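Below is one structure, written out as structure tokens; the observations come after it.
Because the structure is a prediction, the values reported are computed rather than measured. Protein chains get the first letters and strands the later ones, always in sequence-line order, with residue 1 at the start of each. Computed from heavy atoms alone, side chains included, the values below leave out hydrogens, waters and symmetry copies.
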Amino acid sequence: MPELPKAYEPSQHEDEIALKERESGLYTPENLPGNRTEVFSMVLPPPNATGTLHMGHAVMLAIQDIMVRFARMRGKKTLWLPGTDHAAIATQVKVETLLMKEEGKTRHDLGREAFLQKVDAFVEKSRATIQHQVRSMGCSIDWTREAFTLDEPRNLAVRTMFKKMYDDGLMYRGYRVINWDPVGQTVISNDELVPKERTGTLYTFKYSKDFPITIATTRPETKVGDTAVAVHPGDERYKAFIGKTVSVVFAGASLDIQVIADEEVDPAFGTGALGVTPAHSVIDEAMAKRHDLKMIQVIDEKARMTEAAGSTVAGLPVLEAREKIVTWLRSEGLLEKEEETTQIVSTAERTGAVIEPLPKLQWFVDVEKAFAFKQSAHMPVAGLQDGQMVTIQSLLQHAVRSKAVTIIPERFEKSYFHWVDNYRPWCVSRQLWYGHRIPAWYKGEEVYVGVDAPEGSGWEQDTDVLDTWFSAGMWTYSTMGWPKEDAPDLREYHPTTMLETGYDILPIWVVRMIFMSLYTLGEIPFSYVYLHGLVRDDQGRKMSKALENIIDPLTMKQKYGADATRLSLVVGSTPGNDVKLSEEKIAGYRNFVNKLWNIARFVFLSVEEVRKVETTPTPITEADTWILNRLNQTITSVTSMIDEPAFLFSQAAEVLRDFTWGDFADWYVEVAKGQLQDEVLKQSTEETLLYVLQNVLKMWHPYMPFVTTRLWEEFGSDKMLLIEDWPEVVDVREEGSFEAFKEIITVIRGTRATYKIDPVKKVGVMIIGESVDVLRPLETAIRQLGRVESVTFAKTMERPEGSVFLHAGEYAVYIPLAGVIDLVAERARLSGELKNVQDYVVVLEKKLANTGFIDKAPVEAVEKERGKLAEAAAKGEVLTQQIAALG
RNA sequence: GGGCGUAUAGCUCAGUUGGUUAGAGCGCCACAUUGACAUUGUGGAGGUCUCCGGUUCGAGUCCGGGUACGCCCACCA
């Protein structure tokens with residue numbers, strides 16, 4: 001076997017390891033060895049099929065791969081299912097931009113079919129890129145199940161779903177005010193809006209001279225569509241007019257203005273009266289609905305005034321119409337006031353156009369319509385009865401309130417409820433070409449909704465497509481064979497265990513997945529939602545091309561390795577909080593990867609034969625016992641931290657790093673160098689080194705699959721590390737006293753004498769120095785550590801039983817360690833026992849009674865503790881005799 | 001305007017249900033280093049835990065309020 005080089009070079013191993021793992025077929029759960037009954041399943045939030053992977057994806061992939069590899073090693077039937085999202089609007093806009101740049105054409109020049117072919121070609125290329133990138137990060141994901149939100153099986157699922165919702169009355173076609181993008185010529189969902197602040201003018205005026213109420217608006221041009229004036233029911237100023245209808249001619253439009261009373265009106269704002277424009281304001285529309293008002297559309301899809309707007313402004317763009325109306329108001333003497341205000345206008349995320357609220361015939365999902373809940377036979381939801389009347393909204397509330405779905409971190413439950421409690425109808429139709437075409441056909445006034453086109457001629461399919469989140473919302477089960485109710489994957493892997501995603505899409509995506517699964521299958525889509533944060537630069541700014549602060553995961557992988565890149569994204573970050581990333585941070589983890597490499601290298605070079613050690617070695621020395629105990633402690637805490645319901649990936653890695661670097665490398669390996677020289681200790685030391693290393697590699701594997709797998713190869717095992725069993729705590733031994741050795745050695749190091757440890761005899765430590773002058777200060781230092789009974793010097797010592805480190809001609813010191821050992825053990829034991837006042841007093845008492853400890857602690861600290869006790873005693877909270885015992 | 005979050009060492013952040021003298025990594029300083037690892041080791045300096053009040057024997061942790069910053073939602077017309 002060729003010797004390992006001094007430094008780990010990721011690029012020389014990563015591709016090969018990734019390939020080997022993938023070709024092993026073990027990413028597919030059915031191929032995993034053993035009889036696995038417990039299932040862990042998770043779908044990959046599908047990246048948009050438009051571009052390349054960024055650090056945000058890398059975080060997601062790293063965390064998810066940790067979960068998956070851990071579950072697999074823990075013996076679970078583990079599925080991680082990949083795919084990509086067609087991202088309807090994002091993709092279409094991107095291809096349109098390219099088309100314009102490269103060929104100078106619009107999509108209309110090509111026509112629907114030809115354009116869609118172009119999009120497909122683009123998406124195909126993009127998907128291949130993403131696939132390659134996901135692989136290169138070391139993701140152990142089941143490619144045999146790869147899905148795409150717009151492929152044939154998903155399209156069937158979408159059509160089926162749409163029809164089901166239509167049949168249940170949850171999907172309806174309605175004439176409602178929506179956000180219209182006059183540039184993109186499409187409806188925009190709330191999620192695609194970008195609010196922008198700008199200054200506008202608030203005009204205060206009357207519709208006509210004899211109209212009794214003055215109103216205010218920033219959009220006078222919409223006032224030609226008004227059908228009412230709303231006032232607060234308690235507003236004394238207007239009480240007399242409520243219920244009256246006044247006919248006016250306003251800028252050439254004949255209006256019948258009804259005065260209505262509505263709680264929503266703020267009497268303190270403006271004039272306390274609101275002109276109601278039902279067709280061009282979502283709020284006014286709701287008000288109009290409550291009061292059964294007429295809706296007059298005065299603005300069209302091109303943001304021009306319609307015929308209904310009256311002769312003065314018909315046909316004008318809205319801004320020109322506004323000026324014209326203001327001029328008219330002035331000339332008529334109706335304008336009372338003009339004031340500058342800052343207002344928030346919604347703009348379209350993709351096109352930047354100012355959104356025009358318009359009434360349009362659209363498809364909506366009704367979130368408040370009651371329907372009979374159909375409970376899953378396979379995985380029923382606790383707290384719900386089969387046939388119980390529910391709404392989408394009530395299901396969403398139930399899922400999280402009942403803890404059927406747990407959101408991590410918990411605080412995001414607040415934003416979840418904030419969202420679902422105010423859930424509004426979801427407009428799902430989009431005037432795009434790219435996406436799932438709405439499975440509705442029209443013939444005159446007739447509407448047909450079905451999975452397939454209706455029989456007969458004359459039917460025309462709806463030209464719109466569905467919001468991309470509609471198909472994304474079905475992702476957990478559309479990928480598992482639904483609508484086939486008995487599809488094997490659906491039965492085996494749904495509900496999934498976990499959904500891991502960014503907190504920014506909790507409302508857009510997670511909420512929809514939850515209700516769609518509950519509605520369709522009668523089961524939750526996942527038990528846990530783990531939300532990671534956004535990746536920002538080292539100054540906390542979003543990464544963007546403009547700022548030139550993008551850190552590309554693939555460049556980092558090439559430079560520092562995939563393992564270091566993964567660690568840098570996981571360690572030091574907590575769920576729901578943003579991650580600040582810098583190249584130095586990644587370089588730091590590269591150092592750690594290399595440290596692990598060298599620890600292994602040392603072990604492999606030191607032992608006679610590199611072999612797997614299956615059973616826990618029998619410890620001989622204090623150091624052996626200590627490191628095995630520390631290993632057991634580490635296994636226990638790392639396991640419980642990674643496992644549900646904790647999911648503390650960062651903390652687990654820190655515990656593991658401290659053990660690997662601080663305990664194993666810095667202490668045990670150092671001691672082992674001595675032990676390996678001793679014939680009696682050689683074998684057990686080798687076994688311990690190998691055993692600890694093996695377990696360390698296993699525990700690091702979910703975090704750093706590449707370097708651990710490469711090192712594991714040195715053991716010559718047929719079994720890949722990927723499917724090795726996760727370490728288990730075998731037995732917990734008697735506490736060792738190695739901590740005491742460490743304390744002493746630390747003091748000795750401070751004096752710059754050379755030292756060696758007697759690893760066998762518990763009686764002491766030998767200090768070997770060149771002269772007694774060097775050793776004298778040591779004696780003092782060591783005595784301060786505890787109740788040291790005696791310190792002995794000798795120029796030449798007779799070799800103590802079991803000792804190996806005496807050198808003739810040198811001086812040595814022996815120190816009985818009993819006192820120090822007791823002290824350390826006591827301190828460790830006590831630290832976890834503080835529960836109430838009494839315990840505290842008992843601890844204090846022991847602490848104070850322990851002279852060694854008192855010697856160590858500063859006088860003030862001891863006095864402080866005594867003071868606290870006295871104070872407590874004064875309040876009668878503690879036993880006076882305990883105080884007395886302290887003197 | 002409503003909601004949520006964050007504030008701990010020079011920097012990036014941990015700190016589970018309140019509990020011994022508040023931690024880590026990086027950076028800095030000193031020393032060591034032909035040694036598995038100059039991608040190393042040891043030690044050190046550095047914190048009124050944002051501020052004010054409260055509960056408690058005890059608060060970084062719980063409660064109330066203030067300040068600063070960030071995010072989400074919202075067409076006060």
For A:Leu506, which residues count as a side chain to side chain contact (heavy atoms under 4.5 Å, CB included) partner, sequence neighbours excluded? A:Ile407, A:Phe412, A:Ser415, A:Tyr416, A:Val510, A:Leu531
For A:Thr218, give me all partners under side chain to side chain contact (heavy atoms under 4.5 Å, CB included), at least two apart in sequence or on another chain. A:Leu202, A:Thr341, A:Gln343
For A:Trp509 and A:Thr501, which I'm curious about, is there any donor-acceptor pair between the side chains at under 3.5 Å? no
Please check if the number of heavy atoms outside A:Gln558 that lie under 6.0 Å from its CD is greater than 12. no
Round to the nearest Å and state the distance from A:Glu413 atom CD to B:rG3 atom P. 19 Å
Can you tell me the pairing partner of B:rA68 across any strand shown, Watson-Crick or G-U wobble, with both distances under 3.5 angstrom? B:rU6
Extract from the structure each pairing of a protein N or O with an N or O of nucleotides 24-26 of chain B at less than 3.5 Å, listing the distance.
unit_1: B:rA24; atom_1: O2'; unit_2: A:Arg657; atom_2: NH1; d: 3.2
unit_1: B:rA24; atom_1: O2'; unit_2: A:Arg657; atom_2: NH2; d: 3.2

How is A:Ala665 classified with respect to the nucleic acid when contacts are heavy atoms under 4.0 Å: base, sugar-phosphate, or nothing? base
For the residue pair A:Tyr560 / A:Asn594, report whether a side-chain donor-acceptor contact shorter than 3.5 Å exists. no
Contact list for RNA chain B against residues 590-597 of chain A - heavy-atom distance below 4.0 Å: A:Arg590, A:Asn591, A:Asn594, A:Lys595
Using the side-chain heavy atoms of A:Lys585, tell me which of these nucleotides is nearest: B:rC76, B:rC75, B:rU12. B:rU12
Watson-Crick or G-U wobble mate for B:rU55, both contacts under 3.5 Å: none
Can you check the A:Arg601 CZ to B:rU40 P distance for me, whole Å? 15 Å
May I have all residue pairs that pass salt bridge (Lys or Arg N to Asp or Glu O under 4.0 Å) and include part of residues 274-283 of chain A, sequence neighbours excluded? none
Pairing residues for A:Arg290 by the salt bridge (Lys or Arg N to Asp or Glu O under 4.0 Å) criterion, not counting sequence neighbours: A:Asp262
Please check the phosphate of B:rG5 (OP1 and OP2 only) for any side-chain N or O of A:Lys414 closer than 4.0 Å. yes
Among all residues two or more places apart in sequence or in another chain, which pass the salt bridge (Lys or Arg N to Asp or Glu O under 4.0 Å) test with A:Asp266? none
According to the Watson-Crick and G-U wobble definitions, with both distances under 3.5 Å, which nucleotide is paired to B:rA74? none
Between B:rG60 and B:rC13, how far is it from one C1' atom to the other, in whole Å? 14 Å
Scan every strand shown for a Watson-Crick or G-U wobble partner of B:rG60, both distances under 3.5 Å, and answer none if you come up empty. none
Separation of the C1' atoms in B:rU61 and B:rU16, to the nearest angstrom: 11 Å
Which of these nucleotides, B:rU6, B:rG2, B:rC76, is closest to any side-chain atom of A:Asp266? B:rC76
B:rU6 versus B:rU39 - spacing of their C1' atoms, nearest Å: 34 Å
Side chain of A:Ile599 only, heavy atoms from C-beta on: which candidate in B:rG5, B:rU39, B:rA36 is closest? B:rA36
Which listed nucleotide (B:rC76, B:rA77, B:rA36) is nearest to the side chain of A:Thr218? B:rA77
Go through B:rU6, B:rG3, B:rA36 for me and flag the one nearest to the A:His418 side chain. B:rG3
Listed once per pair and sorted, the side chain to side chain donor-acceptor pair (under 3.5 Å) pairs that draw on residues 648-658 of chain A, sequence neighbours left out: A:Ser650-A:Glu654
Less than 4.0 angstrom between a side-chain N/O of A:Lys6 and OP1 or OP2 of B:rC37, yes or no? yes
Write down the distance between CZ (A:Arg411) and P (B:rG5), rounded to a whole number of angstrom. 7 Å
From the list B:rA36, B:rC75, B:rA77, which nucleotide is the closest neighbour of the side chain of A:Phe602? B:rA36
Would you please classify the geometry between the A:Tyr207 ring and the A:Phe250 ring as parallel, tilted or perpendicular, with 30° and 60° separating the classes? perpendicular
Could you give the CE-to-C1' distance, from A:Met287 to B:rC76, as a whole number of Å? 11 Å
Partner lookup for B:rU17, please. Criteria are Watson-Crick or G-U wobble with both distances under 3.5 angstrom; report none if nothing qualifies. none
What side chain to side chain donor-acceptor pair (under 3.5 Å) pairs are there with at least one residue in residues 562-571 of chain A, not counting sequence neighbours? A:Asp65-A:Arg566
Using a heavy-atom cut-off of 4.0 Å across all strands, would you classify A:Thr217 as base, sugar-phosphate, or nothing? sugar-phosphate
A:Asp643-A:Ser640 side chain donor-acceptor pair, cut-off 3.5 Å: no
Watson-Crick or G-U wobble partner of B:rU12, both distances under 3.5 Å: B:rA24
P atoms of B:rA59 and B:rC28, separation to the nearest Å: 37 Å
For residues 418-425 of chain A, which side-chain N or O atoms pair as donor and acceptor with protein atoms under 3.5 Å away, sequence neighbours left out?
unit_1: A:Asp421; atom_1: OD1; unit_2: A:Gln397; atom_2: NE2; d: 2.7
unit_1: A:Asn422; atom_1: ND2; unit_2: A:His418; atom_2: O; d: 2.8

All pairs passing salt bridge (Lys or Arg N to Asp or Glu O under 4.0 Å) where residues 585-595 of chain A contributes a residue, at least two apart: none
To the nearest angstrom, the CG-P distance between A:Asp537 and B:rC11 comes to 16 Å
Using a strict heavy-atom distance below 4.0 Å, which residues from residues 573-582 of chain A are in contact with RNA chain B? A:Thr574, A:Asn577, A:Lys580
Does A:Gln651 make a side-chain N or O approach to OP1 or OP2 of B:rG15 shorter than 4.0 Å? yes
